[in-house]
Amino acid sequence: MKNIIQFLPEKVIHQIAAGEVIQRPSSVLRELLENAIDANAKMIDIFIKDSGKTLIQLIDDGIGMNIDDAKMSIQKHATSKIQKTDDLFRIKTKGFRGEALSSIALISQLEIQTKKKEDVIGIHLFVEEGQVKKEIPINMLQGTRISVKNIFYKLPVRRQFLKSSRIEFQHIIYEFHKIVLAHRNITYRFYHNDKIIFYFKKASLRERIQEIFKNEKKNLVPILIEKKRIFVEGFVSVPDVSMKKGDQFLLVNQRCVTHLLLHKKIIHAYDGFLKNLKTASYFIFIFIDTSLVNWNIHPTKKEVKLEEEETIGIMIQQEIKNVLFSQYKVKNKELKNYDIFLSCKSLKKDYLLNNLYKKLSDKEKIIQLENFSHKLNESGTFKKDFQLTNELYHLIDHHNNKKREINTFQIKRKYIIFVLNDEYMVLVDQHRAHQNILFEFFYRKKNLISQQFLFPIKVKLLKKEFLSFKNIKNDLINFGFHLYICKKYVYLYSVPEQIQKNMLIEVIQNIITYNFIKGKKNNKKKLLQIISKSASIKYGTKLYPEKMKCIIKDLFSCHNPNYTYSGDPIFFVLNKNFF
């Protein structure tokens, strides 16, 4: 009777192992680049064809190999970087297991051309299925040329699981970017289908980031940490609502890694600064004693284990927070002769404000709140998404018999501030609040009252503006604009009373500047956004107490008082423990 359990053939074992290291063409490029860097190359040329499926070729000017070393390099676990077990715990090179060329040789047609400086001639090896099929001596300069052809040609099942050429090429570019980001003292030339795609010379970290990531040009600030056995440097982005997705790279001893714990610590440094943490960018280099790093936990060395990683994560997180706070500090000269309590004498007996008055020697704390966002109040009294509590609802509850008096004051002609229950301070952005009030007012179209002009206002339009204006004529009429269009002119007879006359010109100019297309679904919403933003109270406008109270009550009557239509927070809440 034949046994069911049998040993796998040695060839199958090697192919399985090779598949763990070489998963796609980008894996080949990564391994070849790491070998070239370990060989002290100063110039690396990369030639890719058909997104790496046909050819991946790398030429370097490193130290090269002699004939025996070249033949040995394709053998399993043949390496020049490890001699004893202790060396595994002090890894300083990119490669160390001796798997790269061995794995590549098993899944492709491999050619190696190499020569050491002291050798008279070099060697050209032709390798298939892990075996040298042919070797010839050649004349060449010092260095190595590796050509990997027809990846997975003997493994059609693996080859058919490769993605489209576009996706595979994206993976190749990503691996290339990780290397050139880490090793910036090397010149790189990158060709795809005989066209040069990248040419990187020696550069600083900031220059290299800007070369690769064009959208990060003006959005980065440096971080730096120096401790006894650890050094951290790099750049992090300042909050930018225009970013849809950030670029995030973490490198340990110049190797790009995935480290979930450290990643979470880094992005959560933006809590209170960003609504969507995915938009944060970071390029952080950790240099740490090699004895504190374990690389031997992933076949492709993408993951790493660090000693005291929790402490390291907290340290990096705090440094990022400090850097972000420093971006929003107000200069001392801007605070000169400025007292936020000049306009709130009636509130000086309030516990919170007295407490604040004593401790707030650097009044910029108030200004920094603009950039704090929603997690200042982690005490739990206010929810993280700023859902209205009963206390805020009572501010505008007209059926509540107990009348609530709101004491307000204005700071920097930008924020309306009031105290809630002697416990919390609420800061309301006056421009965003009024913008939201107007947006919801026109959206609901309740009690629209127009203010008439003694004489109609005449506005001349260009041809393009005339067509755009004509496409939204009916929407404007529905919003309370009484108008008549004749030839190249628009005559305004009345506008909604919510729009101040001194803001009318800005409202009309912004409406005619935007190109409204006939029948487009979002015309009405875009029109509302333009009107509400243009007609809202601007920063720098002095507000009297009654006006501030009206804004607060109107804001908390809105369906969504938390954010503007563009996602910006409207108000911030602090408890006394913040100070």
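Note that the coordinates shown come from a computational prediction; the quantities given were computed from them, not determined experimentally.
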Just by modelled atom types, is the Ile151 backbone N or O under 3.5 Å from a matching donor or acceptor in the Arg159 side chain?
-> yes
Parallel, tilted or perpendicular, as decided by the 30° and 60° cut-offs, for the rings of Tyr174 and Phe249 | tilted
Atom NZ of Lys49 and atom OG of Ser147: how far apart are they, to the nearest 0.5 Å?
-> 10.0 Å
About how many Å separate CZ of Phe235 and CD1 of Ile284, when rounded to the nearest 0.5 Å?
-> 11.5 Å
Gln131, CD atom: more than 12 neighbouring heavy atoms under 6.0 Å = no
Please say whether more than 12 non-hydrogen atoms of neighbouring residues, nucleotides or ligands are located less than 6.0 Å from CG in Leu141.
-> no
Salt bridge (Lys or Arg N to Asp or Glu O under 4.0 Å) pairs, two or more places apart, involving residues 55-66 | none
Could you tell me the separation between the CD1 atom of Ile44 and the CZ atom of Arg189, rounded to the nearest 0.5 Å?
-> 11.5 Å
Exactly one of Lys53, His171, Gln23 clears side chain to side chain contact (heavy atoms under 4.5 Å, CB included) with Leu162, and that residue is Lys53
Do the two ring centres, one from Phe200 and one from Tyr188, sit under 6.0 Å apart?
-> no
For the side chain of Asn253 and the backbone of Ile288, is there at least one donor-acceptor N/O pair under 3.5 Å apart?
-> yes
With a distance cut-off below 6.0 Å to the six-membered ring centre and an angular limit of 45° from the axis, does Arg184 pair with Phe283 as a cation-pi contact?
-> no
Report, as yes or no, whether the 6.0 Å neighbourhood of atom CZ on Phe231 holds more than 12 heavy atoms from other residues, nucleotides or ligands.
-> yes
Parallel under 30°, tilted from 30 to 60°, perpendicular over 60°: which one fits the rings of Tyr282 and His263?
-> tilted
Using 4.0 Å as the upper bound for N to carboxylate O, is an ion pair formed by Glu111 and Arg145?
-> no
